[in-house]
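Reckoned from all heavy atoms, side chains included, excluding hydrogens, waters and symmetry mates. When a residue number appears, it is its place in the shown sequence, counting from 1. Note that the structure is a prediction, hence the values are computed from the model and not measured.
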Amino acid sequence: MAGMRRDAMKTPPGKVYLVGAGPGAPDLITLRGAEILGRADIVFHDALVHPEVLALASRAEKIAVGKRCGKLATAQQFINKRLVDAARKHRVVVRLKGGDPMLFGRAQEEIAALDAAAIPYEVVPGVTSALAAAAEAGVSLTQRGVARTVAFATPRVGEGEAPSNWAAGAALADTAVIYMGAGQAGQVSSALIAAGAARDTPVLVAENASLPEARRIVLTLEELPQITWYGITGPTLIMVGRAFAVALAAADEKAQ
């Protein structure tokens, strides 16, 4: 033992799991995600993760690192450091993210930080909110004969990042799902129309998908700015495309 190098005697780091919590409803987390939460020593979680999902981590320390728009947020670099530091103290570290970690979840920045620190990690996929919203509405995002392409997009850009030409790709897709865009509904409508989308394209706005308080608003792309009248406060998707034509027709008929 006396002849061993000091660095060879160090305790190896724990493992960081980037786990998708699903779209909101606690029973939509995957079995794999639930199993890892049950073994977790410490959990860094998003603001919108359901309390019943957090309760699965019964033996873990829980630390909120939420990033809700317009509210106090934890800096990404600080989260990265906390993950690395935690893995040097604990065997099972969980970064619990709403939806799926790899879709608008900043997972790549955390993965890069873990790689740089030689910390092992694993990504556990989750159900993203677009799929839950489509399921609740009974509308296939890839409806046969109507939609063969789907685009997931967001108008949001981080501080210091270059503007994104998100609307060009979204307008070309048969179905587009816009994340984090409800607060910019007017700009989203204008950008998609300017990129070539028809003004009468059906739009389904889904708030709080998969939760009891879920709400759906159906209108056209030109009418999209009107969603400011509905007092939306929960996480919301803007879903655009001809696949939602039946939903729009049903809404129009109900309004008559």
Study note, to complete from the structure: The reported gap from CG in L54 to NE2 in H45 (rounded to nearest 0.5 angstrom) is 5.0 Å
Review point. When rounded to the nearest 0.5 angstrom, what is the spacing between CD1 in I119 and CG in N80?
Key: 12.0 Å
Review point. Is the CD atom of E213 crowded by more than 12 outside heavy atoms at less than 6.0 Å?
Key: yes
Practice item. Go through the steps for T233 and E207 under the test side chain to side chain contact (heavy atoms under 4.5 Å, CB included), then give the verdict. Key: CA-CA 8 Å; T233 58; E207 181 186 16; 3.9 Å; yes
**Study point:** Pair listing, side chain to side chain donor-acceptor pair (under 3.5 Å) test, anchored in residues 119-134, at least two apart
**Key:** K15-E122, R32-E122, T128-Y179
Check your understanding: Is it true that a side-chain atom of S189 and a backbone atom of L221 form a donor plus acceptor pair closer than 3.5 Å?
Key -> yes
Practice item. Applying side chain to side chain contact (heavy atoms under 4.5 Å, CB included), run through V177 and I238 and close with a yes or a no. Key: CA-CA 6 Å; V177 181; I238 299 171; over 6 Å; no
Exercise for review: Indicate, with yes or no, if V124 and L31 share a hydrophobic cluster defined by side-chain heavy-atom contacts under 4.5 Å among Ile, Leu, Val, Met, Phe, Trp and Tyr.
Suggested key: no
Check your understanding: Are the side chain of K62 and the backbone of A57 linked by a donor-acceptor contact shorter than 3.5 Å?
Key -> yes
Point to revise | Verdict with reasoning, I232 to I217, per side chain to side chain contact (heavy atoms under 4.5 Å, CB included) | key: CA-CA 10 Å; I232 289 174; I217 304 162; 4.0 Å; yes
Review point. So, the side chain of S210 versus the backbone of A132: is there a donor-acceptor pair under 3.5 Å, distance only?
Key: no
Review point. Counting distance only, does the side-chain N/O of S190 pair as donor-acceptor with the main-chain N or O of Q187 below 3.5 Å?
Key: no
Review point. Shared ILVMFWY cluster between W166 and V205, side chains joined below 4.5 angstrom?
Key: yes
**Study point:** pair M239-L141: side-chain heavy atoms closer than 4.5 Å
**Key:** yes
Review point. For R215, does the CZ atom sit with more than 12 other heavy atoms under 6.0 Å from it, leaving out its own atoms?
Key: yes
Practice item. Please examine the side chains of V43 and E61, heavy atoms only from C-beta on, and report whether any two atoms are closer than 4.5 Å. Key: no
Review point. Atom CD1 of I29 and atom CG of L37: how far apart are they, to the nearest 0.5 Å?
Key: 5.0 Å
Check your understanding: Is it true that the side chains of E223 and T220 contain a donor and an acceptor less than 3.5 Å apart?
Key -> yes
Check your understanding: Which pair of heavy atoms, one from D100 and one from G126, lies closest together, and at what distance?
Key -> OD1-N, 3.0 Å
Review point. Would you say V53 and L18 are hydrophobically clustered, going by side-chain heavy atoms of ILVMFWY under 4.5 Å?
Key: no
Practice item. Determine, stepwise, if the pair I111 / V123 fulfils side chain to side chain contact (heavy atoms under 4.5 Å, CB included). Key: CA-CA 9 Å; I111 289 170; V123 179; 4.1 Å; yes
Check your understanding: In Å, rounded to the nearest 0.5 Å, how long is the span from CG of L83 to CG of L114?
Key -> 6.0 Å
Review point. Under 3.5 Å, is there a donor-acceptor pair between the side chain of E136 and the main chain of A209?
Key: no
Check your understanding: Would you say the side chains of E110 and Q76 form a donor-acceptor pair under 3.5 Å?
Key -> yes
Point to revise | Under 3.5 Å donor-acceptor, R59 side chain and R39 backbone | key: yes
Exercise for review: I would like to know whether K89 and D41 meet salt bridge (charged side-chain N to carboxylate O under 4.0 Å, His left out); could you show each step before the answer?
Suggested key: CA-CA 10 Å; K89 298 177 182 178; D41 298 306; over 6 Å; no
Check your understanding: Is there a chain of hydrophobic side chains (I, L, V, M, F, W, Y, each step under 4.5 Å between heavy atoms) that links Y17 to I63?
Key -> no
Review point. Where the side chain of H50 meets the backbone of E52, is there a donor-acceptor pair that is under 3.5 Å apart?
Key: yes
Point to revise | V19 to P101 - nearest heavy-atom pair and separation | key: C-CG, 3.7 Å
Review point. Is D200 paired with R242 through a side-chain N to carboxylate O contact shorter than 4.0 Å?
Key: yes
Review point. V16 versus P120: any side-chain heavy-atom pair under 4.5 Å?
Key: no
Check your understanding: Less than 4.5 Å apart, any side-chain heavy atom of P125 and any of T30?
Key -> no
Practice item. Check the hydrophobic clustering (I, L, V, M, F, W, Y; side-chain heavy atoms under 4.5 Å; chains of links allowed) and say if F152 and V127 are grouped together. Key: yes
Review point. Hey, is the main chain of L48 close enough, under 3.5 Å, to the side chain of D46 for a donor-acceptor pair?
Key: no
Review point. Quick one: are R156 and Q184 in side-chain contact, heavy atoms under 4.5 Å?
Key: yes
Review point. Do the side chain of T149 and the main chain of D174 share a donor and acceptor less than 3.5 angstrom apart?
Key: yes
Revision key, fill the gap. To the nearest 0.5 Å, atom CZ of R199 lies from atom CD1 of I193 at 4.5 Å
Exercise for review: Working to the nearest 0.5 Å, report the span between CG of L192 and CD of E222.
Suggested key: 13.0 Å
Check your understanding: For the side chain of S58 and the backbone of A55, is there at least one donor-acceptor N/O pair under 3.5 Å apart?
Key -> no
Practice item. Kindly give the heavy-atom pair with the smallest separation between A191 and A167, and that separation in Å. Key: O-CB, 3.7 Å
